[in-house]
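Input: a single structure, listed below in structure tokens.
Keep in mind it's a predicted model, so treat the numbers as computed, not measured. Ligands are counted one by one from 1 in listed order, and the atoms in each one are counted from 1 as well.
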Amino acid sequence: MAVLWLDEISAGDLEKVGGKGASLGELTGAGLPVPPGFVVTAGTYRSFIEEAEIDDELFEVVDVDVDDSSALSDAADRAQELILETPFPDELREEILESYSEVGDGEAFVAVRSSATAEDLPDASFAGQQDTYLNVTEEALLDRVRECWASLFTQRAIYYRQEQGFDHSVVNIAVVVQQMVDAEKSGVMFTSHPSTGDPTMIIEAAWGLGEAVVSGAVSPDNYIISREDRDIDVTVAEKKVMHEKDEETGQTVEREVPEAKRTERVLSDDEIEQLVDLGERVEDHYDNPQDVEWAIVGDEVFMLQSRPITTISESNGEPTATDSAIDVSEGVTDGSGTAAASTTDTSSVSTGSVLVDGLGSSPGTVSGAARIVKKLDDLAKVDEGDVIVTEMTMPDMVPAMKRAVGIITDEGGMTSHAAIVSRELGVPAIVGTTNATTVLEDGQVVTLDGDKGAVLEGKTVEDDEETEPVEEVRPQSPVKPMTATEVKVNVSIPEAAERAAATGADGVGLLRTEHMILSLNQTPEKFIEEHSVDAYIKELIQGIRTVADEFYPRPVRVRTLDAPTDEFRQLEGGEDEPEEHNPMLGYRGIRRSLDRPDVFAHELEAFRRLYEMGYDNVEIMLPLVNDAEDIYRAKELMKDAGIDPDKRKWGAMIETPAAALSVEGMAEAGIDFASFGTNDLTQYTLAVDRNNENVADRFDELHPAILRLIGTVIETCREHDVDTSICGQAGSKPEMVQFLVDEGVSSISANIDAVRDVQHEVKRTEQKLLLDSVR
Ligand code: PEP
Ligand code: MG
């Protein structure tokens with residue numbers, strides 16, 4: 001049997017039908033209303049390659065040095081070609097088509113989804129799980145099945161398996177073929193409260209197909225139902241868009257919701273009753289709370305997927321400290337609602353006198369022995385659990401920063417290296433103390449309060465109070481707050497990619513490449529001289545790919561190099577850097593790239609190769625541009641490098657008043673997005689050096705002049721259909737979030753530890769806007 005029907009499958013068939021297939025089969029078997037369908041089993045894929053005798057060649061061609069990009073690309077092309085060009089044996093073709101004809105009336109639109117069986121792959125997306133084809137008809141069915149099989153051999157999948165040491169020949173793939181449901185309404189449901197496990201069901205609902213809700217394209221209605229007395233608390237949202245099937249092309253399209261239906265309540269009390277009954281049955285079947293995707297057509301309710309809710313605290317419903325901060329009305333959001341992660345309750349820091357103070361730049365409170373680091377050799381004495389005390393951190397301190405429990409610097413502001421990197425690593429930090437390296441003594445035990453910016457004498461935090469940086473930022477509920485404005489995350493060091501992805505952000509709004517370069521400890525020119533152009537390009541690819549993989553298919557906006565000459569000067573080869581009176585106003589960002597198109601070409605080549613490898617989630621962002629002229633010149637260089645600007649998403653940072661005032665010309669030059677770099681925009685608008693602690697109190701990103709520049713840019717960009725975003729630190733501040741959402745910004749990119757709060761703030765502001773519009 002090449003196929004198994006969903007009603008023949010149970011959870012134990014994972015090996016044959018993959019995770020997705022097994023789950024749908026289990027639900028069907030339990031009598032739950034799952035759209036009919038079948039699974040082309042993993043064994044069928046295996047016999048297909050074996051009977052056609054392509055298996056040996058297949059596994060041989062993918063056994064390549066994955067760091068050799070062109071070898072990897074050739075391997076993926078050849079492996080996919082082998083699968084796509086091998087015809088189906090007649091018997092198999094007939095069996096699949098015959099099964100198809102039994103779904104619906106033989107003319108059904110079906111969804112074709114790959115369902116990988118390599119259970120032990122930590123992230124199934126690498127096994128081709130991403131491949132989903134909607135609204136497929138008989139004509140295209142066999143091709144789509146073969147494409148799902150071929151998705152085991154994309155460059156990303158091959159690379160990943162090789163890196164993780166998985167044998168290519170043991171990974172199998174099944175394909176689910178299931179009738180499409182032309183949902184009139186759809187959404188998600190938690191059968192119990194996602195954080196506390198209380199008997200409260202939460203349903204989110206919107207018009208049309210479910211992807212609009214799951215992807216966050218629409219703010220859905222929210223229904224909170226007490227399972228004890230079935231009392232319903234309703235919040236109706238303004239649903240501007242819906243996803244539905246285009247009758248002519250059969251493709252899924254996004255359409256505007258007709259005015260009259262936008263603020264109409266999606267679910268009737270009767271429908272809620274049906275969903276709640278269904279939810280109780282699913283929860284009983286699995287014996288634990290579930291997160292369910294559902295759809296309604298006419299008066300029929302369907303279940304599309306069910307997963308256990310893994311975030312309910314183990315204290316058996318007893319609210320934990322985190323839970324107690326949750327407003328039930330936001331239970332369908334990430335469920336935390338708390339301020340940025342703190343390693344312990346700051347109220348425990350009551351003893352000890354303040355030794356030094358500065359800017360609290362990465363939250364949390366920790367205790368440890370101070371290690372004064374004056375030169376690189378001193379880093380060796382930093383042990384696990386120590387607090388690094390230094391003038392200013394540098395890229396090659398990152399490994400030691402990871403060992404440390406806290407970081408204190410003399411210099412720097414909220415946007416300095418120490419502040420950015422410590423936040424990304426989740427290590428509490430205080431910057432700009434002016435005198436920590438002279439006041440504190442080596443070995444002295446101190447407590448660092450990264451929220452208040454104070455260093456106290458003695459130990460007030462026990463070691464076992466510390467928590468896991470990745471777990472701290474992981475949302476407490478599997479569904480993020482549904483916001484129309486996207487909430488992304490900033491990443492500066494590839495080491496932080498996992499932590500950044502764990503936030504559930506919609507993508508990366510800024511990936512700074514200069515930290516990757518600075519950690520090579522050589523200027524690009526020196527590195528190329530000592531190694532090779534290819535080695536330099538590979539370093540870039542490697543760093544970007546770490547982040548792009550972690551987020552795939554969510555977009556990752558990668559910024560081309562932007563390091564001031566004083567930072568380059570500290571590297572090997574830095575003696576050749578020009579001496580500048582004020583590096584912040586000097587040779588950096590796009591100015592340097594346009595001046596050295598030969599060096600810039602290597603960065604662009606890295607992007608070209610990444611696109612070739614299939615990283616279609618990578619976007620290019622140009623830093624420190626001033627006007628359309630900069631954009632046109634950079635665009636030409638992109639074309640010269642073999643990147644088609646019409647096919648790729650690219651844009652510019654708005655970091656100077658000139659850029660803000662020239663954005664119309666940039667829009668005409670073809671940018672897809674403009675992103676506010678408020679760290680620089682503030683420095684250049686207010687003439688306040690962002691790294692100078694003497695004027696740190698004047699560094700005000702919410703200054704009316706800056707808000708005015710931002711407001712005008714958003715307005716102009718909206719007229720020209722250009723997306724707007726923020727990726728400076730100010731994107732993590734509630735006041736800035738409110739302002740931007742009010743003005744209609746498309747996305748906000750926040751620091752890792754601020755993503756949860758920003759999601760909530762965006763949701764709150766969007767709901768307020770909505771209420772204001774109907775009052
Ligand atoms: C900014 O200027 O706001 C920005 C995000 O870029 P950087 O901090 O790297 O200069
Ligand atoms: Mg900047």
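A side-chain N or O of T565 and one of E580 form a donor-acceptor pair less than 3.5 Å apart. If you check the side chains of E766 and T485, you find a donor sitting under 3.5 Å from an acceptor.
Atoms of ligand 1 found under 4.0 Å from any heavy atom of D680, numbered from 1 in the order shown, are 1 (C), 2 (O), 3 (O), 10 (O). Residue contact check: R690 has heavy atoms under 4.0 Å from atoms 2 (O), 7 (P), 8 (O), 10 (O) of ligand 1. Contact atoms of ligand 1 toward R512: 4 (C), 5 (C), 6 (O), 7 (P), 8 (O), 9 (O) (distance under 4.0 Å to a heavy atom of the residue). In summary, the atoms of ligand 1 found under 4.0 Å from a heavy atom of L510, numbered by their order in the structure, are 5 (C).
Residue contacts with ligand 1, taken as heavy atom pairs separated by less than 4.0 Å, do not involve Q729 at all. In I420, neither the side chain nor the backbone holds a heavy atom less than 4.0 Å from any atom of ligand 1. Contact annotation: for R588 versus ligand 1, heavy atoms closer than 4.0 Å belong to the side chain alone.
Residue pairs that meet the salt bridge (charged side-chain N to carboxylate O under 4.0 Å, His left out) test with at least one member in residues 731-747, sequence neighbours left out, are E701-K733.
For L661, the side-chain contact (heavy atoms from CB on, under 4.5 Å) criterion is met by L709, not counting sequence neighbours.
A salt bridge links E605 with R608; the closest basic N to acidic carboxylate O contact falls under 4.0 Å. The pair E577-R592 meets the salt-bridge criterion, since a charged nitrogen lies less than 4.0 angstrom from a carboxylate oxygen.
Geometric assessment of R648 against the ring of Y611 yields a positive cation-pi assignment under the 6.0 Å and 45° thresholds.
The atom of E655 nearest to the Mg ion (ligand 2) is OE2, with the search restricted to N, O or S atoms. The atom name of the N/O/S atom in D680 closest to the Mg ion (ligand 2) is OD2.
Among the atoms of N679, some N or O lies under 3.5 angstrom from an N or O of ligand 1.
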